[in-house]
Amino acid sequence: MSETTLVNPADETVIGTVRHTTLEEVDAAVDRAVVAQRAWAALAPVDRARALRRFAATVDAHIEELAQLEVRNSGHPIGAARWEAGNVRDVLDYYSGAPERLIGQQIPVAGGLDVTFHEPLGVVGVIVPWNFPMPIAGWGFAPALAAGNAVLLKPADWTPLTAIRLGELALESGLPEHLFQVLPGRGSVVGDRFVTHEKVRKVVFTGSTEVGKHVMAGCAAQVKPVTLELGGKSANIVFADADLEAAASGAPGSVFDNAGQDCCARSRLLVQRSVLDRFLELLEPAVRGFRVGDPNDEATEMGPLVSKGHFENVAAFLDGSVPVAFTGTAPDGPGYWMAPTVLLPTRTDRVATEEIFGPVVSVLPFDDEADAIALANDSIFGLSGSIWTRDLGRGIRVARGVESGALSVNSHSSVRYAAPFGGFKQSGLGRELGPDAPLAFTETKNVFFSHS
Ligand code: NDP
C-alpha cells in the first residue's frame with residue numbers, strides 16, 4: 001500500500017498520512033460516477049441548483065475548519081486560507097444559478113426548426129496542483145457539476161486534506177453519492193488515468209507546463225476536451241507617470257503572496273528607466289515590511305514554501321550569479337522559510353525568463369512603451385500582469401499589446417470568478433470561470449424538428 005506522509009511546512013512536523021488511490025480504485029470510481037451522473041443529469045434543473053446551494057452553505061459553515069486544515073497542510077497564512085475556503089463557497093453559489101440557465105437557441109430554418117441543447121459531457125476529471133488546493137479545485141468542479149456532470153477530483157499528492165474534506169462536505173450537504181469523488185494519489189497513476197480512461201470525457205488540468213503538455217497529448221489520443229491552466233512569468237509594468245507610491249506598495253503582494261507560489265505572480269517587475277532609482281527607494285521598505293512568519297498569526301502576509309523539495313528548487317535560482325537589490329525577512333528554525341528577494345538581472349538571465357514559483361522578483365528597466373510591451377511579451381508564458389500609468393490611453397494600448405489572459409490596470413487584481421481566466425501561449429488552453437464556464441462542460445447538440 002503506498003501513501004504520502006504529510007508535513008506542516010511551517011515547522012516540519014508530520015501531520016498525517018494519506019493513502020494513494022490505486023488504478024483499480026480509479027476505474028471503480030469512474031464506473032460509479034457514470035451511474036451517479038445519469039441520475040444527476042435527470043434531475044430537474046431547479047433541484048440541481050438547490051443541491052449546489054446546499055453544498056455552498058455547508059462549505060460556508062466549515063470555512064474556519066477548512067482554513068485551519070490548509071494552514072497545516074500548505075502553510076498558507078490563516079487570512080489567505082479563509083479567503084480560499086470562502087472562494088469555494090462563492091464559486092459554488094455563483095454556478096448554482098447555471099443549471100436553470102443552460103439554455104440553447106431555436107433557429108428558424110427551411111422546413112422547420114433547429115433547437116440547440118447543451119448536454120453534459122458525463123464524467124469530468126479535475127487535476128489540481130498544490131499551490132491553491134481549494135480555489136483551483138472549485139473552479140473546476142463547481143461549473144462541471146452545475147452543467148450536469150459527475151466529477152472526479154485529484155488533489156496534489158502533497159496537499160490533499162482540504163479536497164478530501166470538501167468531498168465529505170459534499171456528501172454531508174446531500175449531494176448524491178459518487179457524484180463528486182475525491183481521489184488522492186499520484187499524478188502518474190490517478191491523474192494519468194483520467195487522461196486514458198475513455199469514460200472520463202474531459203480533463204481540467206492546472207499545473208506545470210511540462211505535465212500540461214503531456215496531458216494534452218494524452219487527451220489528443222481520444223480527442224478528449226482538455227482545459228490547461230499552466231505556468232506564468234507575468235510582468236508588472238510601471239511607467240514613469242504612474243502613482244509610484246501605490247505601485248511600489250502593492251508590488252510585494254503581487255509577487256510574494258502565497259510565497260510566490262502563484263501562477264499569476266508578477267515575478268518580472270518592469271520599471272521605466274527614468275524612475276528606476278526612485279521606484280527601488282519606494283519598493284525597499286515595502287519589501288522589508290512584508291510580514292513573513294507564523295501562518296496562524298492574523299497579521300502574517302507570507303508563510304513558508306510548501307515543501308523541502310520545492311524550497312530546494314527555488315533556492316537553486318539564488319546561486320549568487322545575479323545581483324540582489326535587497327531582501328525582506330524570514331523566520332529562522334524549522335520550516336521551509338525564504339525571505340522575499342528582489343533581483344537585478346539582465347533580460348536573459350534564467351531568473352528573468354523561467355518560472356521560479358517562489359518569493360523572488362526580477363526588476364528589469366525599460367525605455368519606452370514599445371520596449372515595455374516587447375519585454376513583457378518576450379516569454380513563452382502569457383498568463384497575468386499589471387500596468388501602472390496615469391495615462392488612460394497608454395493603459396488601453398499596453399493592455400491590448402501585452403499577450404496575456406488576465407491583466408489589471410493600476411491594481412494587482414488577478415483572478416475574479418465572475419470573469420474568464422486563462423493564459424496565452426504556454427500558459428494554457430481554454431478559459432475557466434466567468435459566466436460561460438458551465439458551457440465548457442457540455443457538448444452542443446442541434447436537433448432539427450420538421451414541421452411538415
Ligand atoms: P505539476 O504539473 O507537477 O502537478 C499538477 C498536478 O498534476 C498534480 O496533481 C500532479 O500530481 C498531477 N500530475 C503529475 N503528473 C501527472 C501526469 N503524468 N498525468 C496527470 N496528472 C499529473 O505542477 P505543480 O503541482 O508543481 O504546480 C505548480 C505549477 O502549476 C506551476 O507551474 C504553476 O504555474 C502552475 N499553476 C497554474 C495555475 C493556472 O491557473 N494557470 C494555477 C496554479 C498553478 P502529483 O501531486 O501527484 O504530482
Side-chain angles (χ1 to χ4, degrees), residues 9-10 12 74-76 129-132 156 158-159 206-213 230-237 251-271 276 280 283-284 286-288 290 292 301-332 335-366 375-386 412 423 425-427:
E12 298 179 53
S74 304
H76 292 189
W130 47 258
N131 63 335
F132 287 110
W158 200 240
T159 56
T206 305
S208 61
T209 296
E210 186 190 348
V211 176
K213 288 176 185 175
L230 308 175
K233 190 72 180 175
S234 296
N236 178 6
I237 309 172
S254 78
V255 57
F256 303 139
D257 185 49
N258 202 21
Q261 304 165 126
D262 181 348
C263 52
C264 291
R266 276 68 160 172
S267 54
R268 291 185 299 154
L269 188 38
L270 279 45
V271 184
L276 180 63
L280 288 173
L283 182 64
E284 183 166 353
V287 171
R288 292 199 194 284
F290 204 71
V292 183
E301 293 172 285
M302 184 182 127
L305 293 174
V306 74
S307 66
K308 186 167 186 286
H310 186 60
F311 176 91
E312 286 164 359
N313 290 342
V314 175
F317 281 92
L318 303 173
D319 58 4
S321 62
V322 171
V324 177
F326 40 83
T327 67
T329 57
D332 295 324
Y336 312 122
W337 298 100
M338 184 173 285
T341 301
V342 180
L343 300 177
L344 297 170
T346 67
R347 292 185 178 196
T348 54
D349 280 327
R350 190 171 154 242
V351 291
T353 59
E354 293 182 22
E355 182 178 48
I356 299 177
F357 226 55
V360 182
V361 65
S362 292
V363 178
L364 299 162
F366 67 85
L375 180 53
N377 290 341
D378 186 17
S379 171
I380 60 165
F381 299 115
L383 187 58
S384 184
S386 304
H412 290 303
K425 299 188 277 186
Q426 294 190 32
S427 283

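Keep in mind that what you see is a predicted model, and the values were worked out from it rather than measured.
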Check whether any side-chain heavy atom of [X] sits under 4.5 Å from a side-chain heavy atom of [Y], and report yes or no.
X    : Y    : answer
F317 : V360 : no
T327 : V342 : no
N313 : L305 : no
M338 : L318 : yes
F132 : D262 : yes
F326 : T341 : no
T159 : V306 : yes
R350 : S321 : no

For this session: Test side chain to side chain contact (heavy atoms under 4.5 Å, CB included) on V363 and L280 and set out the steps.
Result: CA-CA 9 Å; V363 178; L280 288 173; 4.2 Å; yes

Return the minimal non-hydrogen interatomic distance between [X] and [Y], and the atom names on each side.
X    : Y    : value
A330 : A339 : CB-N, 3.6 Å
G75  : P9   : N-CG, 3.5 Å
L270 : A376 : CD2-N, 3.8 Å
P340 : M302 : CG-SD, 4.0 Å
A265 : V255 : CB-O, 4.1 Å
P359 : V314 : CD-CG1, 4.3 Å

Atom [atom1] of [X] and atom [atom2] of [Y]: how far apart are they, to the nearest 0.5 Å?
X    : Y    : atom1 : atom2 : value
L343 : D349 : CG    : CG    : 9.0 Å
L230 : S427 : CG    : OG    : 7.0 Å
N131 : S74  : CG    : OG    : 9.0 Å
L364 : R347 : CG    : CZ    : 7.0 Å
K213 : Q426 : NZ    : CD    : 4.0 Å

For this session: Give the ring-plane orientation class for F311 versus Y336, where under 30° counts as parallel, over 60° as perpendicular and anything between as tilted.
Result: tilted

Problem set entry | Candidate list C264, S384, S386, P252, test side chain to side chain contact (heavy atoms under 4.5 Å, CB included), partner H412, passing option | S386

Taking [Y]'s backbone N and O only, do any of them form a donor-acceptor pair with [X]'s side chain (distance below 3.5 Å, no angle check)?
X    : Y    : result
R266 : G385 : yes
S362 : V351 : yes
R268 : K233 : yes
S379 : F381 : yes
N258 : Q261 : yes
K425 : N377 : yes

Exercise. Is it true that atom CG of D319 has more than 12 heavy atoms of other residues, nucleotides or ligands lying nearer than 6.0 Å?
Worked result: yes

For this session: Please report the C-alpha distance between H310 and W158 in whole Å, then the side-chain angles of each, then the deciding distance to 0.1 Å, and finally whether the ring-ring contact (aromatic ring centres under 6.0 Å, His included) criterion is met.
Result: CA-CA 11 Å; H310 186 60; W158 200 240; over 10 Å; no

